[in-house]
Amino acid sequence: MTKYDPAKIEFKWQEIWEKNKAFEAKDDTTKPKFYALIEFPYPSGDGLHVGHPRSNTAMDIISRKRRMEGYNVLFPIGWDAFGLPTENFAIKNKVHPAVVTERNVNRFREQLKRLGFSFDWSREVNTTDPAYYKWTQWIFLKLYEHGLAYKAEVPINFCVSCKVGLANEEVVGGKCERCDGEVVRRVKSQWMLKITEYAEKLLEGLEEVDYIEKVKTQQRNWIGKSKGAEVDFAIPCINEKLTVFTTRPDTLFGATYMVISPEHPILDRMKEHITNFDEVEAYRAEAIKKSDFERSELNKEKTGVSLKGVVAINPVNNTEIPVWISDYVLMSYGTGAIMAVPAHDERDYEFAKKFDLPIIEVVAGGDIENEAFTDIETGTMVNSDFLNGMSVAEAKEAITKWLAEKGLGKEKINYKLRDWVFSRQRYWGEPIPIIHCEKCGYVPVPYDQLPVTLPDIENYQQSDSGESPLVNIPEWVNTTCPKCNGPAKRETDTMPQWAGSSWYFIRYADPHNDDAMIDKKKAAYWLPVDWYNGGMEHTTLHLLYSRFWHRFLYDIGEIPCKEPYKKRTSHGMILGTDGQKMSKSRGNVINPDDVVDEFGADTFRLYEMFMGAFDQTTPWSEQGVRGCYRFIDRVWKLQELVTDEEEVSEDHRYLVHTTIKKVSEDYESMKYNTAIAQMMTFVNEVNEKGKLSRGDLRVFVKLLNPVAPHIAEEIWEKMNLGEGYLYEQSWPEYDAKYTVKDEIEIAVQINGKVRERLDVPSKYDKKQIEEFVLANEKVQDLIGDKQIRKIIVVPGRLVNIVVG
RNA sequence: GCUGGUGUGGCGAAAUAGGCAGACGCUAUGGACUUAAAAUCCAUUGGUGGCAACACCGUACCGGUUCGAGUCCGGUCACCAGUACCA
């Protein structure tokens with residue numbers, strides 16, 4: 001027999017699959033469809049990382065299995081190619097980002113092809129392709145049209161030394177990711193998307209999808225819905241109301257002071273009345289300069305300044321209470337002002353202790369001498385006039401009603417979720433298709449003029465003012481207003497990397513359509529995605545953003561379903577052999593190419609699936625790969641043991657059927673490691689017997705195919721196991737009656753300890769098992785003359801004899 | 001701090017609904033083959049005691065429920081991930 005030569009057979013089968021268009025999804029709506037999705041990769045200059053194939057292999061297994069089960073499968077691939085690293089590389093090496101992108105994409109494509117994934121390569125999308133981003137821009141215009149895109153002055157992270165606006169994820173430990181320089185907050189006019197308007201829909205949508213619980217929880221936390229009330233406090237000196245949001249209106253009688261955020265606009269209006277305005281101003285300047293990071297980092301010690309000369313009136317008892325400013329109150333949540341109830345809020349308690357402010361208990365049950373009492377289940381209202389004696393829940397309802405009647409407040413729901421900052425002052429992103437006209441204001445680029453393409457430029461460095469490099473290209477910036485034909489300028493901000501990835505899964509269903517984002521019929525057939533696997537690092541933002549866009553497109557009638565992904569699962573990270581996260585600086589990066597060169601793609605895929613539980617973080621092991629290679633090699637050698645028998649052999653009937661069952665079920669629940677363990681057991685047992693039938697091998701090769709498709713196809717062909725290619729075969733089925741043995745070994749316990757093992761006919765019922773066991777000589781010896789008190793029989797498992 | 005998760009041999013890990021803990025793989029040791037090595041194959045491999053059959057101990061720790069607990073309940077500790085003054 002020939003030696004197992006992965007390099008040769010893998011290349012051979014990859015060519016055959018490609019030539020036969022074996023894995024192209026057909027727009028054949030008569031067949032049931034299955035849409036499997038992985039997060040499309042960012043084609044970085046470092047090449048493919050071993051983390052990518054973990055997710056890819058897992059979904060490749062599902063896809064290959066589904067095809068054998070008769071589904072029309074869509075398993076696409078593409079490139080999330082806009083973004084910073086490419087742009088930075090381009091700046092440094094003076095190459096056009098498009099050139100860098102193309103190079104990286106080619107490298108990635110080649111690497112992925114070597115691994116034999118059954119992607120439909122005919123549907124490849126690339127977010128940087130104008131034919132693709134035409135529709136990204138189109139969606140933006142739709143959002144704009146529906147009032148969901150607007151411009152606002154918002155603080156951004158700004159790196160002082162790079163003179164660059166940074167995204168949150170580019171700020172690491174309060175410093176610029178690239179240069180380690182100081183990051184400050186700077187207010188800038190930015191395009192925003194009103195995702196907050198979709199908070200409730202995004203929350204509700206989670207009810208109808210099958211996501212792992214962890215992911216749902218993270219989405220809910222991020223949206224952060226909380227129910228409470230808005231309450232108006234009078235500020236007599238300027239005759240204004242200061243509104244606060246609170247989730248604890250029941251504690252209103254315990255509000256002993258107020259705190260407003262340093263950025264709160266009411267400060268300026270109170271200016272003349274504040275006798276220590278210098279101090280206030282100084283505090284304010286300090287706070288505004290700090291980055292978000294510093295503000296939350298330095299949260300150990302509360303700081304603040306009292307507004308001398310200003311008081312507020314607590315609406316429930318008309319008491320005058322002091323007003324402070326402090327940076328622990330955020331302008332971006334609620335109303336930017338709070339009523340402080342130190343007795344029942346930890347932060348207020350800490351602040352009150354530090355500045356010696358009064359603490360009034362209004363919920364009895366705790367010990368407010370030592371700490372704030374925040375329990376809402378057990379306490380009883382005190383010191384609260386008409387609320388006294390009520391539970392917290394009752395008091396909440398009563399006070400909210402009271403406030404509403406008096407016109408002093410109302411019920412209110414708040415979300416942590418904030419609108420999405422959609423501008424980047426960068427070159428390598430989709431231009432935002434808006435024109436600024438002095439006469440007409442913001443004017444959307446007419447749909448028939450899309451896409452607005454990026455101009456070719458020499459210098460990608462941002463301008464000194466932190467504007468996009470596009471501002472320096474007058475021939476691109478200067479245009480005419482589509483409305484009045486007067487001179488106008490193009491928007492120079494580009495979209496963030498999240499844009500293209502927020503809808504790519506839609507495009508896969510109709511990737512070459514130049515007349516629409518997607519054909520309605522194709523959308524109806526292919527959407528939603530049936531199964532989406534990806535990393536935990538994308539479970540909040542990417543998932544939320546894409547759900548938002550998808551839901552919006554549904555609302556305007558472009559897409560037939562509310563939620564984009566029916567099912568979402570997550571894979572664990574792969575660590576270096578040292579148990580550390582893989583990184584260049586640690587020098588522990590495993591390159592998939594090297595593994596494939598040495599052992600072949602099948603071994604690589606098998607190991608990635610065998611190394612541990614799929615959803616858990618696991619370190620790479622060189623020896624583990626070798627073990628998988630040994631298994632693959634033993635599979636190859638099965639060919640020498642094959643008999644002439646066409647059917648499943650009687651010798652291996654039980655083994656074959658239990659293996660079909662175990663492997664089929666484990667693939668579905670992503671327990672790839674135990675599915676593979678079962679196949680190893682199969683090979684071990686066959687080797688022990690020294691032979692297997694063609695029928696046995698036929699089944700085995702089909703089960704192995706999703707994980708190690710090259711060797712499986714090769715054996716199928718070489719052994720001439722059937723008509724056509726393996727990928728065209730149907731998935732094997734097991735017969736339940738062959739998954740039970742005639743006799744089963746059960747454990748015999750005396751007082752819970754295993755003392756004997758006996759083979760018992762599996763058809764016996766409890767009574768028969770009991771009799772069978774008690775009749776056994778060894779068991780009788782073990783019992784001796786002790787009294788039998790109780791016998792527990794678990795068929796197929798054990799018999800426990802309780803004696804005493 | 002909060003939320004979620006994890007804790008089982010020398011290592012990666014298994015163990016549907018409470019029912020034989022450690023499947024499968026790696027490592028290690030011994031052996032076969034070889035002039036030798038690699039590769040391959042065979043055997044052993046949770047700990048302690050014993051020549052042995054066997055016995056006792058063992059799933060982070062303490063306690064509970066049960067004929068029976070890795071699994072359920074209460075408490076404690078450690079680690080990982082996400083998030084962070086969200087009123």
Side-chain angles (χ1 to χ4, degrees), chain A residues 212-218 220-222 224-226 228 244-249 251 255 259 261 292-293 295-300 302 326-330 332-341 344-348 350-351 414-418 536-537 539-540 570 572-573 579 606-607 610-613 615-631 633-634 637 662 665 669 671 673-684 687 745-757 789-804:
Chain A
I212 46 173
E213 207 44 46
K214 190 164 38 165
V215 172
K216 281 194 187 182
T217 309
Q218 281 192 21
R220 286 197 192 101
N221 289 347
W222 194 263
K225 180 178 183 175
S226 59
V244 302
F245 172 73
T246 177
T247 54
R248 295 294 305 276
T251 61
V259 186
S261 161
D292 273 347
F293 177 78
R295 266 169 86 161
S296 58
E297 231 346 62
L298 302 169
N299 69 6
K300 284 147 207 132
K302 293 264 182 296
S326 171
D327 63 6
Y328 85 88
V329 174
L330 309 173
S332 50
Y333 184 76
T335 63
I338 61 155
M339 64 176 208
V341 185
H344 305 288
D345 181 283
E346 280 164 26
R347 295 152 301 178
D348 298 344
E350 196 190 320
F351 193 82
N414 251 322
Y415 301 92
K416 271 201 265 188
L417 186 68
R418 292 174 206 175
M536 273 318 276
E537 64 274 23
T539 46
T540 36
S570 251
M573 222 176 12
L606 189 91
Y607 176 65
F610 182 67
M611 62 192 301
D615 57 355
Q616 233 164 282
T617 302
T618 316
W620 188 268
S621 155
E622 189 79 34
Q623 297 303 332
V625 180
R626 213 165 282 275
C628 286
Y629 179 80
R630 267 198 280 270
F631 167 71
D633 193 41
R634 274 198 286 262
K637 288 178 186 150
K662 179 82 178 146
E665 290 173 359
S669 47
K671 290 165 149 183
N673 52 338
T674 49
I676 291 165
Q678 178 63 32
M679 290 191 279
M680 288 173 167
T681 303
F682 181 97
V683 172
N684 290 349
N687 272 316
E745 189 190 75
I746 64 160
V748 179
Q749 300 183 332
I750 307 290
N751 288 346
K753 293 209 163 153
V754 181
R755 285 294 129 104
E756 180 61 356
R757 290 164 218 274
R789 303 209 180 266
K790 198 174 182 181
I791 299 180
I792 289 115
V793 182
V794 183
R797 300 273 185 188
L798 54 68
V799 171
N800 188 10
I801 303 167
V802 185
V803 300

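What you see is a predicted model; the values in this text were computed from it and never measured. Just so we're on the same page: letters track the sequence lines, and every chain starts at 1. Just so you know, these numbers use all the heavy atoms, side chains as well, and skip hydrogens, waters and symmetry mates.
Within 4.0 Å (heavy atoms only), A/Ser621 reaches no atom of the nucleic acid at all. Residue contacts shown for A/Asn221 are limited to sugar-phosphate atoms, with no base heavy atom under 4.0 Å away. Across all strands, A/Glu745 comes closer than 4.0 Å to base atoms (heavy-atom distances). When heavy atoms are screened at a 4.0 angstrom cut-off, A/Lys671 is found touching the sugar-phosphate backbone but no base atom. Heavy atoms of A/Ala613 sit under 4.0 angstrom from primed sugar atoms or phosphate atoms, though from no base atom. Among the heavy atoms of the strands, none lies under 4.0 Å from A/Thr540. Using a 4.0 Å heavy-atom distance criterion, A/Gln749 is classed as a base contact. The residue A/Gly224 sits apart from the nucleic acid: no heavy atom pair falls under 4.0 Å. Backbone-only contact: A/Lys214 has heavy atoms under 4.0 Å from sugar-phosphate atoms and none from a base. Nucleic acid contact class of A/Met611 (heavy atoms, under 4.0 Å, all strands): sugar-phosphate only. No engagement by A/Asp633 is indicated, since no non-hydrogen atom pair under 4.0 Å with the nucleic acid exists. As judged by a 4.0 angstrom heavy-atom cut-off over every strand, A/Thr617 is placed among residues touching the sugar-phosphate backbone only.
When the nucleotides B/A21, B/A13, B/C85 are ranked by their closest atom to the side chain of A/Val754, B/A21 comes out on top. Among B/C67, B/A87, B/C24, the nucleotide with an atom closest to any side-chain atom of A/Ile792 is B/C67. Of the candidate nucleotides B/A13, B/C85, B/U3, B/U3 has the atom nearest to the side chain of A/Thr217. Nearest nucleotide to the side chain of A/Arg755, out of B/G12, B/A87, B/A55: B/A55. Comparing B/G19, B/C26, B/C57 by their closest approach to the side chain of A/Lys753 singles out B/C57. Among the nucleotides B/U27, B/A87, B/C24, the one closest to the side chain of A/Thr681 is B/C24. Nearest nucleotide to the A/Ala677 side chain, out of B/C85, B/G68, B/A23: B/A23. The listed nucleotides are B/G68, B/G12, B/C85; the one nearest the side chain of A/Leu330 is B/C85. Ranking B/C41, B/A21, B/C67 by closeness to the A/Val802 side chain, first place goes to B/C67. Ranking B/A13, B/A87, B/C67 by closeness to the A/Thr618 side chain, first place goes to B/A13.
Distance noted for atom P between B/G22 and B/U59: 14 Å (whole Å). A gap of 7 Å separates the C1' atoms of B/G19 and B/G68, to the nearest Å. Across B/C42 and B/A15, the matching C1' atoms stand 28 Å from one another, rounded to whole Å. Taking atom C1' in both B/U6 and B/U71, the straight-line distance is 15 Å, to the nearest Å. To the nearest whole angstrom, the two P atoms, one in B/G50 and one in B/A60, are 29 Å apart.
Atom CE of A/Met679 and atom P of B/G25 are 13 Å apart (whole Å). The nearest whole Å value for the distance from the CG atom in A/Asn687 to the P atom in B/A43 is 12 Å. Look at CD on A/Glu665: it is 12 Å from P on B/U16, rounded to the nearest Å. The interatomic distance linking A/Asn751 (CG) with B/C67 (P) rounds to 12 Å, in whole Å. Here B/C26 presents its C1' atom at 10 Å from CE of A/Met680, a figure rounded to the nearest Å. Here B/C54 presents its P atom at 9 Å from CD of A/Glu756, a figure rounded to the nearest Å. Across the protein-nucleic acid pair, A/Arg797 atom CZ and B/U71 atom C1' stand 13 Å apart, rounded to whole Å. Between A/Tyr629 atom OH and B/A38 atom P there is a gap of 17 Å when expressed in whole angstrom units.
Between A/Arg634 and the phosphate of B/C41, there is a side-chain N or O to OP1/OP2 separation shorter than 4.0 Å. Look at A/Gln218 and you won't find any side-chain N or O under 4.0 angstrom from OP1 or OP2 of B/G82. When the side-chain nitrogen and oxygen atoms of A/Asn414 are compared with OP1 and OP2 of B/A87, none of them lie within a distance under 4.0 Å. Neither OP1 nor OP2 of B/A23 sits under 4.0 Å from any side-chain N or O of A/Asn673. Within the 4.0 Å cut-off from OP1 or OP2 of B/U40, at least one side-chain nitrogen or oxygen of A/Arg630 is found.
Glycosidic torsion of B/G82 falls outside 90° of 0, placing the base in anti.
For B/C41, the paired nucleotide is B/G31, the pair qualifying as Watson-Crick or G-U wobble because both relevant distances are below 3.5 Å. The partner of B/G12 is B/C24, by the rule that a Watson-Crick or G-U pair needs both atom distances under 3.5 Å. B/G74 is paired with B/C62 under the Watson-Crick or G-U wobble criterion, all donor-acceptor distances under 3.5 Å. Across all strands shown, the partner of B/G1 is B/U83, judged by Watson-Crick or G-U wobble contacts whose two distances both fall under 3.5 Å.
Taken from CD1 in A/Ile792 to CZ in A/Arg797, the straight-line distance is 16.0 Å, to the nearest 0.5 Å. Note that NZ of A/Lys214 is 8.5 Å distant from OG1 of A/Thr539, once rounded to the nearest 0.5 Å. A/Asn673 contributes atom CG, which lies 11.0 Å from atom CG of A/Leu606 (distance to the nearest 0.5 angstrom).
Under the 30°/60° scheme for interplanar angles, the aromatic rings of A/Tyr328 and A/Phe351 are found to be tilted.
Taking 4.5 Å as the limit, every side-chain heavy atom of A/Val341 sits out of range of all side-chain heavy atoms of A/Thr246.
The closest donor-acceptor contact from the side chain of A/Asn414 to the backbone of A/Ser226 lies at 3.5 Å or more, if one exists at all.
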